[in-house]
Amino acid sequence: MESYDHLKIDKKWQKAWEDSNLYETKDNVPGKENFYSLVEFSYPSGNLHTGHWYAFSVPDIFARYKRMRGYNVLYPMGFDAFGLPAENAAIKLGADPKVWTYEQMDKMRIQLRSMGASFDWSREVVTCTPEYYKWTQWMFNQFLKHDLVYRDITMVNWCPKDQTILANEQVVDGTCERCGSEVVQREQQQWMLRITKYADRLVDDLDALEWPHAIKEAQKNWIGRSEGSEITFELKNPHSSDLWKVAVFTTRADTLFGVTYVVLAPEHPLVKELIAEVENKNEVEVYITQTSKKLELERQQSKEKTGVELQGIKAINPANGEEVPVWIADYVLANYGTGAVMGVPMHDERDHEFAQTHGLPIVDLPLVDSAEITKKVGGTMTKTYRLRDWGISRQRYWGTPIPIVYDPEGNAHPVPDEHLPWLLPTDVDHTPDGTPPLARSKELFERTEKIFGNGWVPEVETMDAFVDSTWYFYRYLDNKNNTAFAAKGSMDAWMPIDLYMGGAEHTTMHVLYSRFWTKALFDLKLVTDSEPYTVRRNRGLILGPDGNKMSKSKGNVINPDDIVDRLGADTLRLYLAFMGPYIGSNYPWDPNGVVGVRRFLERVWKLKEKIGEGKTTPQLHKTIKKITEDIEAYKFNTCIAAMMILVNEWEKTTAILQTEYTDLLLLLAPFAPHMTEELWNTLGQKDSIHLSSWPTVDESQLIDEMRTIGIQINGKLRAELRISTSATKEEIEAEALALPKVQGLVQSTTVAKVIVVPGRIVNIVIH
RNA sequence: GCUGGAGUGGCGGAAUUGGUAUACGCGCUAGUCUUAGGAACUAGUGCCGCAAGGCUUAGGAGUUCAAGUCUCCUCUCCAGCACCA
């Protein structure tokens, strides 16, 4: 018999599946229910690493299993092709981002094929193609029309060295992830998406979703909804008749009588007005300048309660008319709540520290009812959020152009739909110099004037790449449509997504953004579901053999291509699935462990020689049952363990039936698609094993005639009893008590009670 | 600090959900084969003990005939948020 030659077998079947379009998925197949299984598509980095294998080949097991259970399964793949990784790599190599990206995608498609995953490549989606970003722009226009897009000046992360805005996720501990410079906050006008309008729904709709508690909590945490009161304090200056009002947000209106001062954030708009009135103008101005220069890192790390009193200004407590001093301090954040707080040192730790530092009074007055006092002082019960609107402007080249043009007066206008896709120009030097690269495109400016008239200029910013990925799962459903982002019929066939497996790092970014996007589309009646993912599950990470995250600098990277060459795609797939439950933990790579599963595959291979006449093994049906249950719970590790147990048992027998062997192949097919297909084929089967049905459990085979149960005395295991499963409680008790071992221990005592759990245990209670 | 999650052999992890703890794999030990290294195969392998036996699911208490599993306290680790009023 030929030995298991993975190199030959992997390639042979990958080609055969491709030639026969085995995984091409139709929107509707009579008699089959649809199942949409989604995994996060990847950046075209041109290098498929172990993480990709874990992210794609393990969920492929589930997709294949579902197909064998009779579902019409969509398991698509594509590329999140715009964005920083491509642009950075291109800049570094002096290459064109587009050329570089397309080269990487070509490489990755080849690597992805080596996985033997059941992707339907005919539905591939690439976000940097005009055919795709046309619809990203179209949706942007729709949102603009419905006031979900606006332009505003906000604080952004700015890297002074790279002269560019950084996304939040590119700021690592206050420094630029690329060059390590300390990031500063800077005011910048940008295009914003009104995600905060959806804050309540993004929190409340989580309740109905079948998602893990941890993911829901992380999103709630991130949105940070806080319920409280907004209360207005009047400010006055004894030397003039001017009056100002300042609203504060508090969750503790009940402490209103304990207020001994009011604090504004240094950036609070009112401060600019008040500054002319204060007695210590210089001091205040110096403080404002100092805090604005403070690096984000410092402000985060130093919890020192600095501040300056606005001398001469007094706030009037609406509850009792008492005059209290007004301060500015940078422990009050401008962009949370109203940017102003009432200082209650008795009941708030930070206020207490501030009061102590600056010698402000700390008074203990009785608490009142929050709702009542809020009403009494003319305040309102309100909610505030940590979540802020999503700034999507990027001063970069490699992204979806924001489809906006400005008239000669500087007013913004959307690029009409008939001019979409609003193409990304190519006549651009993409080296970052602090100005958007598109500003240097002659073609873009000429195009704008040609279409809109003299003096019109284009928007020169591009969109955050997270915008592209908010809706990619709709495009898989109808990826060639050029009259709509997807036809309603295709969306009805597949949405909402049945299973979305991905990384925990996307919980508060991509997953939240795409939920928002879907809700916005839903409100515009463009889609029929307000939530995109029925089930979301987070997988873990594959760590290096040293237990650290794989990285080139640590020298602990396992290259999947090497494993595929040496041991085969099936071994790698199987090992990744065998490491532990798919949902939950991170697992270190064990170079010996991967050899262990290869041995298992070889045993399955050799078992073919044992096919012959014989008796059915009851173990097979227990195995089918076990795997069917565990696979549904994404516990692929115990599925493989169950197959190993079966193979261990079969190795001890002289012969196995061919039907039993093919049942094992069917169970193993989702895990090791290449080897099982080869064995299936050599046994004379004509159709692909991957078009076959999942084996059924013969319930009658599950019933054991005899069973070994444990005999405990006072809860401690003392003996074992082999007994018929049809034995009555009385029979079991009698036999247990008759055991010599039990006799010896029970003899000189009184048996108080005997608990018999048939098929499980006997516990004899003695005194 | 707040929120969530987790602690089981030398390692990754099992445990029918309250019923024989340590399945399966790795590693380790011995043996067979091999010039050797490796690979493969066979047997053993929770800990202490020569043994009888005792102990064991981070630690401590509790409920129960019975606890890895339920309850309370303590400790440790991981993740997210964090001067969020």
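Just so it is clear: chains get the letters A, B, ... in the order the sequence lines come, proteins before strands, and each one is counted from 1.
For A:Thr508 and B:G80, the shortest distance from a side-chain N or O to OP1 or OP2 is not below 4.0 Å. Between A:Arg599 and B:G25 there is no side-chain N or O to OP1 or OP2 distance below 4.0 Å. Between A:Lys635 and B:A15, a side-chain N or O to OP1/OP2 separation shorter than 4.0 Å is present. A sub-4.0 Å separation between OP1 or OP2 of B:U20 and a side-chain N or O of A:Asn763 is absent. Residue A:Tyr336 places at least one side-chain N or O closer than 4.0 Å to OP1 or OP2 of B:A85. For B:U3, neither phosphate oxygen OP1 nor OP2 lies less than 4.0 angstrom from any side-chain nitrogen or oxygen of A:Arg225. For A:Ser585, a side-chain nitrogen or oxygen approaches OP1 or OP2 of B:G13 to under 4.0 Å.
With contacts defined as side-chain heavy-atom distances shorter than 4.5 Å, the pair A:Thr50/A:Leu576 qualifies.
Separating the CG atom of A:Leu717 from the P atom of B:A15 is a distance of 21 Å, rounded to the nearest angstrom. Atoms CD (A:Gln356) and P (B:C83) sit 21 Å apart, rounded to a whole Å. Between the P atom of B:C83 and the NE2 atom of A:His347 lies a distance of 23 Å, rounded to the nearest Å. Atom CG in A:Asn637 sits about 15 Å away from atom C1' in B:U8, given to the nearest Å. Atoms CD1 (A:Ile764) and C1' (B:U64) sit 18 Å apart, rounded to a whole Å.
For the side chain to side chain contact (heavy atoms under 4.5 Å, CB included) criterion with A:Thr623, the lone passing option out of A:Val697, A:Val647, A:Leu646 is A:Leu646.
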Starting from the C-alpha separation in whole Å, work towards a yes-or-no answer on side-chain hydrogen bond (donor to acceptor under 3.5 Å, both in side chains) for A:His510 and A:Glu40. CA-CA 10 Å; A:His510 161 65; A:Glu40 288 152 1; 5.2 Å; no
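Here B:C24 sits opposite B:G12 as a Watson-Crick or G-U wobble pair (both hydrogen-bonding atom distances under 3.5 Å).
Atoms CD1 and CE, on A:Ile231 and A:Met381 in that order, are 9.0 Å from each other to the nearest 0.5 Å.
Here B:G4 is the nucleotide among B:C26, B:C55, B:G4 with the atom lying nearest to any side-chain atom of A:His213.
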